[in-house]
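First comes the structure, then the notes that go with it.
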Amino acid sequence: MSELIDDLHTIRDWLRWGASRFSEARLCFGHGCDNAHDEAAWLILHALHLPPDRLDPYLDARLTHHERLAVLEILQHRIARRLPAAYLAREAWQAGFRFYVDERVLIPRSYFADLLVEGFAPWVEDPDAIASALDLCTGSGCLAILMAHAFPNAQIDAADLSHDALEVAKRNVADYGLDARIRLVHGDLFAPLGKRKYELIISNPPYVTAQAMRDLPPEYRHEPAGALAAGEDGLDIVRRILAGAKAHLKPGGLLAVEVGHNRDIVEAAFPSLPLVWLDTGSGEGKIFLLRREDLE
């Protein structure tokens, strides 16, 4: 190991070595990066306390012995533990926003991010007119925070069943100074919300099927199973959301639910619902939309 430390001098050297070792170990990506090179770059920059989007100016910078040890340690942890890079770095990025994450929450990677950056257009005609919105199954609170920025006049409720997840969300909400606009609510779906009604409800609930849970790569097994698993067909939570949403939507209100690759399953399970499938820059047909009046 001492020879390795002595042979690799620059960030460029360590980036090449890390990408090679990640590929050799057949790591699985998908928690912010989709390839070995980008993930190695992210972890190296994090270990060196450098901005995650400023690799090029530093590529040929020579590292001190202490810095080389820090880089080696984080790259080896990624390989040996198969721990997602976001957990190692204690951060995840969505739509240019940084969020604190740890093993108590799902790593943010929602298809909703693109829609919220665009103010949920064209489905929301005037983002300034949204006064109340709900993020159901909020996890780290990332979508609630994006909603607060997309709808500057809205009060946001962010609900989750997990006390641990809400502790992480509390930290993220505080980091963005949104304590006065985002209310964190503990409870099972709509149960703790009383008679509150909203103009927009979004949810990125658990939707992984039983078979997909059995097939998960090691990296995904570090995430809370309760934030992923949703029964045999992945729709246990979706069914309950559809059953309860109408009572919490204002007239003309919108419900949007992320279901990932389960579009065919959803359409087969709810053939009478006029589902509108939304396309985003990161995926097509991963989120369905309904108006209050569409719900039975």
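The figures here come from the full heavy-atom set of this structure, side chains too, leaving out hydrogens, waters and symmetry mates. None of the values given here were measured: they were computed from a predicted structure.
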Only pairs at least two apart or in different chains count here, so list each side chain to side chain donor-acceptor pair (under 3.5 Å) that has a residue in residues 136-153. Asp135-Thr138

Lys170, NZ: over 12 other non-hydrogen atoms inside 6.0 angstrom: no

Does Asp13 use its side chain to pair, donor to acceptor, with the backbone of Thr10 at less than 3.5 Å? yes

Using 0.5 Å steps for rounding, measure from the CG atom of Asp179 to the CG atom of Leu184. 8.5 Å

Please confirm whether the backbone N or O of Arg291 pairs with a side-chain atom of Asp294, one donor and one acceptor, at under 3.5 Å? yes

ring-ring contact (aromatic ring centres under 6.0 Å, His included) with Tyr198: which residues, sequence neighbours excluded? none

Within this structure, what is the NE2-CG distance for the pair His66 and Leu63, rounded to the nearest 0.5 Å? 11.0 Å

Can you list the steps and then say if Glu103 with Arg90 is a salt bridge (Lys or Arg N to Asp or Glu O under 4.0 Å)? CA-CA 9 Å; Glu103 290 87 340; Arg90 290 291 191 252; 3.2 Å; yes

Taking ring-ring contact (aromatic ring centres under 6.0 Å, His included) as the test, write out the residues that go with Phe190, two or more places apart. His248

When you measure from the side chain of Arg263 to the backbone of Lys286, do you find a donor-acceptor pair of N or O atoms at a distance under 3.5 Å? no

Looking only at side chains, do Asp215 and Gln211 share a donor and an acceptor under 3.5 Å apart? yes

Does a donor on one side chain and an acceptor on the other come within less than 3.5 Å for Glu223 and His31? yes

Can you name the residues that form a ring-ring contact (aromatic ring centres under 6.0 Å, His included) with Trp17, not counting sequence neighbours? Trp14

Can Glu258 and Ser110 be counted as having a side-chain donor-acceptor contact under 3.5 angstrom? yes

How many angstroms lie between atom OG of Ser162 and atom CD of Glu167, to the nearest 0.5 angstrom? 9.5 Å

Does NE2 in His9 sit with more than 12 non-hydrogen atoms of other residues, nucleotides or ligands closer than 6.0 Å? yes

Say whether Glu284 and Trp277, considering side chains only, have a donor N or O and an acceptor N or O under 3.5 Å apart. no

In a table with atom names and distances, give each donor-acceptor pair under 3.5 Å that connects a side chain of residues 21-29 to protein atoms at least two apart or in another chain.
residue : atom : partner : partner atom : Å
Arg21   : NE   : Glu24   : OE1          : 2.8
Ser23   : OG   : Ala19   : O            : 3.1

Would you list the atom pairs, donor with acceptor, under 3.5 Å between side chains in residues 119-133 and any protein atom, with sequence neighbours excluded?
residue : atom : partner : partner atom : Å
Asp126  : OD1  : Asp128  : N            : 3.1
Ser132  : OG   : Lys197  : O            : 3.4
Ser132  : OG   : Lys250  : NZ           : 3.3

Mind checking what makes side-chain contact (heavy atoms from CB on, under 4.5 Å) contact with Asp114, not counting sequence neighbours? Thr280, Ser282

4.5 Å side-chain heavy-atom contact, His37 and Leu15: yes

Leu255 side, atom CG; Phe288 side, atom CZ - distance, nearest 0.5 Å: 6.0 Å

For Arg81, what residues pass the salt bridge (charged side-chain N to carboxylate O under 4.0 Å, His left out) criterion, not counting sequence neighbours? none

Could you tell me which residues satisfy salt bridge (charged side-chain N to carboxylate O under 4.0 Å, His left out) with Glu67, sequence neighbours excluded, listed by chain and number? none

Can you list the residues that meet the salt bridge (charged side-chain N to carboxylate O under 4.0 Å, His left out) rule with Arg196, with sequence neighbours excluded? Asp157

Could you identify which residues cluster with Tyr220, counting Ile, Leu, Val, Met, Phe, Trp and Tyr as linked when any side-chain heavy atoms lie under 4.5 Å apart, either directly or through a chain of such contacts? Leu106, Val208, Met213, Leu216, Leu228

Sequence neighbours excluded - side chain to side chain donor-acceptor pair (under 3.5 Å) pairs with any residue from residues 40-52: Trp42-Glu91

